[in-house]
S.K.: 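Here it is, the structure, as structure tokens.
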Amino acid sequence: MSETAITKSSLSDRVLNMSTSATLAMAAKARELRAEGKDIIGLSLGEPDFNTPDYIKEAAIQAIHDDYNAYTPVDGYVELKEAIITKFRRDNNLNYTLPQIVVSTGAKQALYNVAQVMLNPGDEVILPCPYWVSYADIVKLAEGVPVEVQTSIATDFKITAEQLEAAITPKTKMLWYSSPCNPSGSLYSKEELRALADVLKKHPDIYVVSDEIYEHINFTKKGHTSMAEFSDMYNRTITINGVSKAFAMTGWRIGYIGAPETIARACNKMQGQVTSGANCIAQRAVITALNESPSRVDYMIQEFKTRRDLVLKLLDDVPGFITNTPEGAFYVFPNISAFFGKTLRGKTINNATDFSLYLLEEALVATVTGDAFGNPDCIRISYAASQEQIVEAIKRIKRAVN
């Protein structure tokens, strides 16, 4: 028996059936090409290109000097949970208590905890497409069943009340969505969320995961709405958030939930057997991040908006790209299905994955296929890059598709 066969036979069906994160896979492929001397422009990762603000770094340095080095409480320092409660009240009009908050090692762990404590084998989770790349596999790891509901660029990639109603079955346990959305940048208005809540009112056993990690990267004047703001949805909504995106703290790995107390306590129990509490220094820094006014990071949001407008203007001049105007996050999600069935520089484009790989190899620009997000007609372009890189990248893309 070969070494490869021995290795595979030793692994669980769980991991063998799991998808590799497409965003991380594309980033790895781009690194390989860079190592070969290729000048790759990376527009694939969902990571701000800003540094963590100095006032947050200073808080972390002070925590080191203050000798924070011991294990932390599983659900987070009380002072951090209090800062999260303050943030929810200030920014979202949500009132939570200490037992309703759980701090995790990134929002991804928070999502994983929720799936593990709420889903039983066969439970269905409705995922409006496109959805964040890890949702489906996190649901499958909990033996749940992802139910994809297709949306389109014509509706700004948002699920309607009618679509939600049609997707509900006796096995439906949850609805998961993000707003602003990764990968589309779509932002649900208060009226749109109320329409979804009116459907869910008729199905009192269905819970909602509202992923709000991009909350502050909002280019509209209408503000952000949380599903839990509706009194009839408060006890059925798990609000997920963190500091990775708006505060440029991706590597600090701090996420958190506000949830009904029974669910929060279950997440605390689950986390206690997996990772225990999150990093002590990072938690101390996040206390400062959340207690300060969100306006302190407005300079990042304004730059992202400038870049969004630049990307849309440049893509308007690229034949075959159909775009809408994202209202938040730092992505555009153009429909590129016009290229399907065509041959470019001797390579046949059958789907979005082919197209994304073609751009990497021929234009030396890393994007992510929409297949990874449940939408096979699009690719995701991150504009968490300098304006100079964006201009050069889209110039290369235009050259490659002409």
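Since we're looking at a predicted model, the values are computed, not measured. Counting begins at 1 with the first residue of the sequence. Both backbone and side-chain heavy atoms feed into the values below; hydrogens, waters and symmetry mates do not.
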S.K.: Verify, without hydrogens or angle tests, whether S295 (side chain) and D298 (backbone) share a donor-acceptor contact under 3.5 angstrom.
M.R.: no

S.K.: Side chains of S244 and W252: do they bring a donor and an acceptor to under 3.5 Å?
M.R.: no

S.K.: Can a salt bridge be assigned to the pair K222 and E327 using a cut-off of 4.0 Å between side-chain N and carboxylate O?
M.R.: yes

S.K.: Quick check for you: to the nearest 0.5 Å, what is the distance between N92 atom CG and M227 atom CE?
M.R.: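 Between atom CG of N92 and atom CE of M227 there are 13.5 Å.
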
S.K.: Mind checking whether F50 and F304 have ring centres under 6.0 Å apart?
M.R.: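 Here the rings of F304 and F50 have centres that are less than 6.0 Å from each other.
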
S.K.: Testing the basics here: between I257 and I240, what is the closest heavy-atom pair and its distance to 0.1 Å?
M.R.: CG2-CD1, 3.3 Å

S.K.: Using the six-membered ring wherever Trp is involved, compare the ring planes of Y135 and W132 and label them parallel, tilted or perpendicular (cut-offs 30° and 60°).
M.R.: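 Aromatic pair Y135/W132 classed perpendicular.
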
S.K.: Would a distance-only check, ignoring hydrogens and angles, find a side-chain to backbone donor-acceptor pair under 3.5 Å from S104 to G106?
M.R.: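 The answer is no, because no donor-acceptor pair under 3.5 Å joins these two groups.
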
S.K.: Can you check whether I379's main-chain N or O pairs, donor with acceptor, with T367's side chain at less than 3.5 Å?
M.R.: no

S.K.: Salt bridge or not between D49 and R307? Use side-chain N to carboxylate O under 4.0 Å.
M.R.: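 Between R307 and D49 there is a salt bridge, with a charged N closer than 4.0 Å to a carboxylate O.
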
S.K.: Is the terminal nitrogen or CZ of R296 (NZ for Lys, CZ for Arg) located under 6.0 angstrom from the six-membered ring centre of Y55 and within 45° of that ring's axis?
M.R.: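 So R296 does make the cation-pi contact.
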
S.K.: Tell me if the centroids of the rings in F333 and F157 come within less than 6.0 Å of each other.
M.R.: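 Ring centroids of F333 and F157 are less than 6.0 Å from each other.
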
S.K.: Quick check: closest heavy atoms across A385 and L43, and the distance to 0.1 Å?
M.R.: CB-CD2, 3.8 Å

S.K.: Can you tell me how the ring of Y188 sits relative to the ring of Y177, calling it parallel under 30°, perpendicular over 60° and tilted otherwise?
M.R.: perpendicular

S.K.: How close do T72 and Q283 get, heavy atom to heavy atom, and via which atoms?
M.R.: OG1-NE2, 3.3 Å

S.K.: List the atom pairs, donor and acceptor, that lie under 3.5 Å between side-chain atoms in residues 113-125 and the rest of the protein, sequence neighbours left out.
M.R.:
| from | atom 1 | to | atom 2 | distance (Å) |
| --- | --- | --- | --- | --- |
| N113 | ND2 | Q271 | OE1 | 2.9 |
| D123 | OD2 | N120 | N | 2.8 |
| E124 | OE1 | T169 | OG1 | 2.6 |

